[in-house]
Amino acid sequence: MANKDEVSKQFLDALEFRGIKRRDFLKYCGATAILLGFSESFAPKIAAAIENATKRQPVVWLNFASDSGCTEAFIKATYPSPAQVILDILSVDYNETIMAAAGKQAEEILVKSRQEGGYILIVEGGIPTKKGHGMIGNKEMLEVFKENAGPAIAILAIGSCATTGGVPAAKPNPSQIIGTAEALKRLGISKPLVNLDLCPVNPEYLVGVVVNFLLLGKIPDLDHFGRPKMFYGQTIHDNCERRAHFDAGRFVEVFGSKEESLNYCLYKMGCKGPMTWSACPKIQYNDRTSWCVKAGGPCIGCAEPGWTDKFAGFYERLPGVKIPGMDGVEAGADKIGAIAAAATAAGIALHAVATGVSGRIKDKDGGEK
Amino acid sequence: MAQKLTKTWSLGYIIEHWTRVIAIAVLTFTGFYIHWPFIAGGLECLLMSWMRFLHFVAAYVLILGLVVRVYMAFRSTFDADWKDFGIIRNIKNIPDSLGYHLFIKGSHKDYRKYDPLQALIYLCVAAVIVVAAFTGGALYQGNIFGFIQAPDSFLWVTALLGGESATRLVHILSMWFFIVFVLIHVYMSIMTTMVNKDKTLTSILTGYKLKKFSK
Ligand code: SF4
Ligand code: SF4
């Protein structure tokens, strides 16, 4: 989509003014190029695409039921990262959390964006479906979503709340919160949708998808959960820096132990890395400073749809199983197995005693007559 | 009543049985370890890697063993016993067999090879092997048998069960099924041997059982 391959000096100066060195910006573009599967020589093209986007590609960012953690992830950092600044300068027409305008004025901007259409709709937060549980400007959030999804060219659901409901949709889900995909289905709207599960979303994932869209004019390849394969194609476990300890069988058994200080694998502390698909170990958070396991915490599986419910308790090896028919009763898989085995053993003992009492064993000819 | 040693199991059946015993034992032990690594390792021995390797090898044995067993059920020259597994007939015979095992009746009908409950449980074992294989495939990363891409070819399993944690749960519960099965299976063979005095227990090594004939 870029009609020129070089980023202008003016743009780089503008970045410099915001605290991003020209060199850092180009380095970042190079890294993004590699993320997207291009060679690093693509960096100038990406830089140009970003510059063009700041002039052309409108973005509408809607906040629904969430703690605005994804917005926070972009705007809070010790120093601005290229990813933040890029999102900052994208023509984000509407973002309730950080825009200067408010109330009627803000609404007007949104109405104008809708009339012009062709924007990328970024959805942050889950959508309450229970009446009166989530309203913006006197309108149900589902209604707001419906209005704004129509004119969008593509929808990016960012963060776990927006993809499948995340924390606000956790049991018992009093507001009956649903994710974007489910909302689109219920409303009967079909639009290209990209799910960026994570809590909060990694800013670099979002920039990666947006840049990919700007360069190629389409959303990236998605996996079966609608997540971009380039970010969700491998498990945490596959790229984890502690994997050598896992393979060797060296595990942290309790926090505050020698094993923990030796950075052993967190598998037994409930790490969900083996069942969580995301590029966290490669891309990391906060301008590639660190990520969960590097910081010493087990992965809690926030990149997977159905998180949190499907991944609680976070420090257990396997989350509890719901026994069908028994509402609210949960038991670990091991407990179920152990109980079944104990019941079997008891049954066997009982049967053995009964057989003894019945005199079948003493019967010389044997039982089968 | 006269008794005669009768050949019940051919060498093929005996080998097939013990191969499965070894596979299930290895799978259960390594499976427990993979689920909860109870022995601390070190970089010298790569304990977890070895456990996983053995687990995968034993899984191949278990799956191929089932294929061989199904083949034998239809094509064994010694005793193709697929008819003994007829679900409807076995279900109809349950009251008779259960009545005997629960001491309501003193005797049961003469079943050709398997007690109806036994035959049905064996079918369940086959089904659980399939479940374990498919959930295992969904958790595996590599090319199964060199050409079935995992987990890609098994994504539907995970989708059906509602997420990878559910897949793991079903997989580990299948192990508990085998544990319970083995307990009952071993008990029943000992008990049958003691009650019927027909060498059932040793027949799976020797191949011979005592059969009674009316004079
Ligand atoms: S810390 Fe977690 S992701 Fe890393 S190797 Fe251990 S189990 Fe895997
Ligand atoms: S490492 Fe796990 S818990 Fe941490 S952000 Fe990535 S997916 Fe979420």
Side-chain angles (χ1 to χ4, degrees), chain A residues 223-225 234-235 237-238 244-251 253 259 264-265 267-268 272 274-277 301 304-307 309-311 317-321 332-334 336-341 343-345 347-349 351-352 354-358 360-361 363-369, chain B residues 1 3 32-37 39-52 100-103 106-108 110 139 141 152 155-156 158-159 162-173 175-177 179-181 183-184 186-188 190-192 194-198 210 212:
Chain A
D223 71 2
H224 57 297
F225 288 127
Q234 280 176 295
T235 61
H237 192 57
D238 279 349
H245 291 304
F246 174 86
D247 285 338
R250 301 204 287 207
F251 302 94
E253 309 274 343
E259 286 78 18
Y264 281 1
C265 168
Y267 189 66
K268 288 172 95 168
K272 306 292 185 296
M275 56 171 115
T276 306
W277 297 70
E304 288 296 309
W307 184 86
D309 282 351
K310 281 184 184 156
F311 287 80
R317 243 300 280 131
L318 281 181
V321 212
D334 291 337
I336 292 185
I339 290 170
T344 311
I348 286 175
H351 193 265
T355 313
V357 173
S358 74
R360 278 183 188 176
I361 295 175
D363 188 345
K364 268 202 217 93
D365 274 350
E368 280 179 79
K369 284 178 192 133
Chain B
M1 266 208 273
Q3 291 191 327
F32 257 119
Y33 187 85
I34 295 164
H35 172 59
W36 191 255
I39 309 166
L43 280 181
E44 316 69 40
C45 66
L46 294 179
L47 202 50
M48 179 59 95
S49 280
W50 277 110
M51 291 287 182
R52 296 179 71 229
Y100 170 76
H101 291 302
L102 296 179
F103 310 100
S107 64
H108 61 78
D110 185 24
L139 299 173
Q141 289 189 33
D152 302 34
L155 291 176
W156 59 272
T158 301
E164 202 166 315
S165 41
T167 312
R168 275 164 206 269
L169 285 172
V170 172
H171 194 70
I172 198 168
L173 287 175
M175 174 199 73
W176 280 107
F177 170 87
I179 293 177
V180 168
F181 164 75
L183 280 176
I184 298 176
V186 172
Y187 168 75
M188 285 310 283
I190 295 174
M191 196 44 86
T192 310
M194 284 167 74
V195 171
N196 294 346
K197 307 193 175 51
D198 60 355
L210 271 180
K212 298 175 187 68

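Chain letters run A, B, ... following the sequence lines, proteins first and then strands; every chain starts at 1. Scope of the values below: all heavy atoms of this structure, side chains included, with no hydrogens, waters or symmetry mates.
- Comparing B:A166, B:G41, B:C45 by how many heavy-atom pairs each has under 4.5 Å with chain A, the most go to B:G41.
- Remark: A:I361 CD1 to B:N196 CG distance equals 10.5 Å, nearest 0.5 Å.
- Options A:H245, A:M275, A:E253 differ in how many heavy-atom pairs under 4.5 Å they form with chain B, and the most are formed by A:M275.
- With rounding to the nearest 0.5 Å, the separation of OG1 in A:T355 from CE in B:M194 is 8.5 Å.
- When each of A:A338, A:S358, A:G347 is checked for heavy-atom pairs under 4.5 Å with chain B, A:A338 comes out on top.
- The contact between A:D238 and chain B is made entirely by side chain atoms (from C-beta outward), counting heavy-atom distances below 4.5 Å.
- Per-residue heavy-atom pair counts under 4.5 Å with chain B were compared for A:P274, A:P305, A:A343, A:A340, and the maximum is reached by A:P274.
- The two residues B:F103 and A:A354 make their nearest non-hydrogen contact at CE1-CB, 3.1 Å.
- Note that the CZ atom of A:F251 and the CE atom of B:M48 stand 3.5 Å from one another [nearest 0.5 Å].
- Only the backbone of B:I39 comes within less than 4.5 Å of a heavy atom of chain A; no side-chain atom from C-beta onward does.
- Relative to the ring axis of B:Y100, A:R360 places its NZ or CZ within 45° and under 6.0 Å from the centre.
- The greatest number of non-hydrogen atom pairs below 4.5 Å with chain A, out of B:I179, B:I172, B:L155, is found for B:L155.
- By the 4.5 Å heavy-atom criterion applied to side chains, A:I348 and B:M188 are not counted as neighbours.
- The parts of A:A352 that come within reach of chain B are both its backbone and its side chain, each placing non-hydrogen atoms under 4.5 angstrom from that chain.
- In this pair, A:H351 and B:Y187 present their aromatic rings perpendicular. The plane angle is above 60°, beyond the 30 to 60° band.
- Nearest heavy-atom pair across A:I336 and B:L173 is CG2-CD2, 4.1 Å.
- In this structure, the portion of B:Y33 lying under 4.5 Å from any heavy atom of chain A is its side chain and not its backbone.
- Only the side chain of A:Y267 comes within contact range of chain B, with at least one heavy atom under 4.5 Å from a heavy atom of that chain.
- Of all the listed residues (A:W277, A:Y264, A:F311), the one sharing the greatest number of non-hydrogen pairs under 4.5 Å with chain B is A:W277.
- For the pair A:G337 and B:W176, the tightest heavy-atom approach, listed with the atom from each and the gap, is CA-CD2, 3.1 Å.
- The OG1 atom of B:T158 sits 6.5 Å away from atom NE2 of A:H224, with the distance rounded to the nearest 0.5 Å.
- Of all the listed residues (B:A159, B:A40, B:S49, B:P37), the one sharing the greatest number of non-hydrogen pairs under 4.5 Å with chain A is B:P37.
- Proximity of B:F181 to A:T344: side-chain heavy atoms (C-beta onward) are nowhere separated by under 4.5 Å.
- Here the side chain of A:K310 pairs no donor or acceptor atom with the backbone of B:E164 at under 3.5 angstrom.
- At distances below 3.5 Å, not a single donor-acceptor pair connects side-chain atoms of A:R317 with backbone N or O atoms of B:W36.
- No other option in A:G249, A:G306, A:A248 has as many heavy-atom pairs under 4.5 Å with chain B as A:A248.
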